[in-house]
Amino acid sequence: MTLKVYNTLGRKKEEFKTLHSGKVSMYVCGPTVYSKAHIGHAMSALVFDIIRRYLEYRGYEVRHVMNFTDVDDKIILRAKKMGVDPFALGEGYIHEFEQHLKDFKILPATVNPRATHEMPEIIEMIQGLVDKGYAYQVDGDVYFRVEKDAHYGKLSGRKLDDMQAGARVDVDERKENPMDFALWKAAKPGEPAWESPWGSGRPGWHIECSAMNLAYLGEQIDIHGGGNDLIFPHHENEIAQTESFTGKPFARYWIHNGMLQLMGEKMSKSIGNLVTIEEFLSLHSPDVLRMLVLNSGYRNPLSYSESILDQVESGLERLRGGMKCQLPGAKGASEQCLKDLAAGIERVKTGFVEAMDDDFNTAGALGGLFDFVKVINQARAEGATDAELKSARATLCELTSVLGLTLEKEKTGSAQLDGVVDLLIEIRRDLRANKLWVLSDKIRDRLAAMGILLEDSKEGTSWRWQ
RNA sequence: GGCGACGUGGCCAAGUGGCUAAGGCAAGGGUCUGCAAAACCCUGAUCAUGGGUUCAAAUCCCAUCGUCGCCUCCA
């Protein structure tokens with residue numbers, strides 16, 4: 001079976017072939033750190049975390065780079081407004097974001113470079129572009145000459161002529177072409193600045209990613225990812241810069257996730273309709289957002305609302321239910337039942353790979369997992385023992401962890417607490433035997449309030465953490 | 001105005017030329033149960049609309065309506 005990936009460059013699914021056998025180099029655009037991150041950023045990070053986990057499951061060694069843009073106009077503006085140092089401002093948001101990544105169980109990237117730490121590389125690259133005639137200097141600014149790049153527009157499917165016709169940007173008369181974009185911006189007094197051959201200034205937005213790619217992954221990479229709002233101009237410009245500089249094709253696969261939609265509109269800092277990651281985590285467990293992401297195709301817009309979150313949370317609970325222990329008094333399942341269970345294991349494994357191989361079809365993969373949970377539940381209901389359920393549970397656990405989900409709740413109790421709960425269950429059993437429903441229900445309700453769920457069955461009572 | 005994506009049962013959402021259109025949530029009926037919870041069994045869509053191509057279309061083409069994204073900072 002082969003993995004197929006939808007490539008924005010070409011707008012179709014392609015067979016996934018890496019530059020170096022068994023290895024994947026992947027660069028994902030991280031946030032610009034000028035304010036608190038919102039769940040749209042989390043979505044993007046989750047999408048690429050899932051992709052990475054699956055690639056590793058398929059046996060690839062993944063070198064994963066995610067940057068932080070820690071110097072740009074917005075950061076400077078905001079820092080000025082707040083009267084704080086722009087670097088300190090960015091630093092704070094970076095720390096916060098890194099904590100969020102941990103909360104969401106997003107595997108740490110191999111490297112997290114920052115624009116401000118890569119100045120020599122950035123300047124060197126700009127100089128190279130100037131030397132080759134792809135860039136020119138005006139009053140301390142340096143611009144990329146788009147007309148010099150015959151392929152400009154190939155990623156976003158735009159033509160220079162069309163864009164010029166519809167351009168709404170204020171035309172900067174100093175530019176040769178209105179679409180020329182800044183590689184280097186001259187600094188105004190009081191702004192963060194670095195010395196360069198063109199005077200003191202700071203890098204433009206796009207060049208940092210090109211420089212960091214070059215520094216940490218090389219001239220050519222396998223996957224370049226980010227939100228689909230970055231296709232133009234950011235990624236288009238990255239391609240232009242890097243390919244003009246190296247003379248080689250840059251990224252083999254361009255992967256873009258869809259936007260998270262709140263009330264039918266893109267969640268974004270500028271519109272202001274956002275839910276910060278902090279707010280989300282105060283209300284929900286991290287896996288709920290991951291589940292929401294998994295439930296649909298990564299390229300589609302993702303509908304977000306509290307009621308949809310409730311829905312996926314219930315679904316997550318169902319998956320977790322597959323991990324439950326045998327029923328009290330389980331005597332072993334029938335031969336046929338165990339056969340079905342074994343067949344279910346094979347089916348879910350092949351189905352999972354089949355779905356994920358098709359451009360990371362996580363929704364399809366989840367469907368198979370839900371089917372599998374049903375098979376497990378059927379076996380349990382028929383009396384399968386823990387020993388008989390063991391390999392099925394291991395399979396469920398393995399596959400869900402490829403998606404980054406954690407099904408088993410961390411134990412919050414202790415052996416002593418377990419003993420106390422067992423004692424209460426025993427007392428309750430006696431109460432029930434004497435039809436003292438008020439007292440027995442009180443025990444159940446009070447335990448439930450503490451997060452301990454009792455489940456009665458004919459054979460006895462079992463319990464679990466909620 | 002230009003470019004692109006999308007419109008599948010109440011909700012979320014797979015499937016993109018061919019067996020009975022996955023799965024989850026919600027709803028209804030049933031089994032179990034003192035009640036509850038969990039679990040199991042059963043029940044619903046012909047795929048925005050109108051044309052067309054084809055032996056065959058949700059899946060390809062055209063038109064219409066609607067939604068969204070990008071074209072300016074944006075995951």
Side-chain angles (χ1 to χ4, degrees), chain A residues 8 11 13 28-32 34 37-48 66 69 72-74 77 153 156-159 161-170 179 205 225-234 236 256-261 264-271 291-292 294-297 299-305 307-319 321 324 327 351 355 358 361-371 373-374 376-378 380-382 432 435-438 440-441 444-445 448 453-458 461-462 464 466:
Chain A
T8 306
R11 313 261 171 193
K13 287 181 197 173
V28 181
C29 286
T32 300
Y34 71 92
H38 57 73
I39 50 178
H41 298 108
M43 174 204 178
S44 186
L46 282 166
V47 163
F48 289 98
M66 190 197 76
T69 298
D72 90 331
D73 296 353
K74 293 207 160 187
L77 192 72
S156 54
R158 290 155 208 262
K159 295 189 175 71
D161 297 342
D162 297 345
M163 286 189 285
Q164 285 165 331
R168 295 187 295 169
V169 203
D170 295 339
M179 296 311 295
W205 175 36
N228 67 16
D229 55 347
L230 296 181
I231 294 173
F232 191 90
H234 186 52
E236 191 71 64
H256 293 97
N257 63 275
M259 294 292 103
L260 193 144
Q261 308 271 143
E265 220 177 1
K266 170 190 169 189
M267 182 175 293
S268 100
K269 290 180 186 174
S270 31
I271 299 175
M291 194 67 183
L292 181 71
L294 290 168
N295 186 48
S296 71
R299 286 190 279 127
N300 299 334
L302 183 62
S303 325
Y304 180 95
S305 73
S307 89
I308 295 171
L309 285 178
D310 288 345
Q311 291 177 26
V312 299
E313 181 151 30
S314 301
L316 183 58
E317 269 311 305
R318 184 167 177 77
L319 283 184
K324 287 199 282 195
L327 293 176
D358 183 14
N361 182 354
T362 53
L366 268 189
L369 289 173
F370 279 114
D371 287 338
V373 166
K374 177 164 284 190
I376 293 177
N377 288 340
Q378 284 166 335
R380 186 188 297 105
E382 290 206 20
R432 292 178 74 212
K435 297 191 190 299
L436 293 168
W437 309 125
V438 175
S440 63
D441 286 355
R444 186 176 61 197
D445 293 345
L453 293 185
L454 300 191
E455 292 180 355
D456 294 329
S457 76
K458 219 170 198 169
T461 300
S462 60
R464 63 188 168 95
Q466 187 182 16

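Sequence lines set the chain letters: A, B, ... in the order given, protein chains first and strands last, and positions in each chain run from 1. Note that the coordinates shown come from a computational prediction; the quantities given were computed from them, not determined experimentally. In what follows, every heavy atom counts, from backbone to side chain, and hydrogens, waters and symmetry copies are set aside.
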Between the side chains of A/D371 and A/K374, is the shortest nitrogen-to-carboxylate-oxygen separation below 4.0 Å, so that they form an ion pair?
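No salt bridge links A/K374 with A/D371.
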Can a salt bridge be assigned to the pair A/E236 and A/R158 using a cut-off of 4.0 Å between side-chain N and carboxylate O?
no
Over all strands shown, is [X] touching base, sugar-phosphate only, or nothing at heavy-atom distances under 4.0 angstrom?
X	value
A/Q261	sugar-phosphate
A/L230	sugar-phosphate
A/G225	nothing
A/L319	nothing
A/I308	sugar-phosphate
A/S156	sugar-phosphate
A/Q378	sugar-phosphate
A/G157	sugar-phosphate
A/L292	nothing

Rounded distance in Å - [atom1] ([X]) to [atom2] ([N]):
X	N	atom1	atom2	result
A/Y304	B/rC12	OH	P	15 Å
A/L327	B/rA39	CG	C1'	8 Å
A/H256	B/rC3	NE2	P	20 Å

Consider the side chain of [X], meaning its heavy atoms from C-beta on, and name the nucleotide among [options] that approaches it most closely.
X	options	result
A/K374	B/rG4, B/rC40, B/rA38	B/rC40
A/N228	B/rA75, B/rC40, B/rG69	B/rG69
A/S44	B/rC12, B/rC40, B/rA75	B/rA75

Expressed as a whole number of Å, how far does the [atom1] atom of [N] sit from that of [M]?
N	M	atom1	answer
B/rA22	B/rU8	C1'	12 Å
B/rA37	B/rG28	P	12 Å
B/rG66	B/rA27	C1'	28 Å
B/rG2	B/rU43	C1'	50 Å

[X] versus [Y]: any side-chain heavy-atom pair under 4.5 Å?
X	Y	answer
A/K435	A/W437	yes
A/T461	A/R432	yes
A/L46	A/L292	no

For A/N257 and for A/G321, locate the closest nucleotide of RNA chain B by heavy-atom distance; then report the residue assigned to the nucleotide nearer the 5' terminus.
A/G321
Of A/C29 and A/R11, whose closest RNA chain B nucleotide lies nearer the 5' terminus?
A/R11
Verify the contact: side-chain N or O of A/T32 to OP1 or OP2 of B/rA75, cut-off strictly under 4.0 Å; return yes or no.
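Yes, within the criterion.
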Pull out every protein N or O sitting under 3.5 Å from an N or O of nucleotides 15-22 of chain B, one pair per line with the distance.
{"from": "B/rG15", "atom 1": "OP1", "to": "A/N361", "atom 2": "ND2", "distance (Å)": "3.3"}

Sequence-aligned protein contact record of nucleotides 25-34 of chain B, with B where the base is within under 4.0 Å of a protein heavy atom and S where only the sugar-phosphate is:
S-------SB
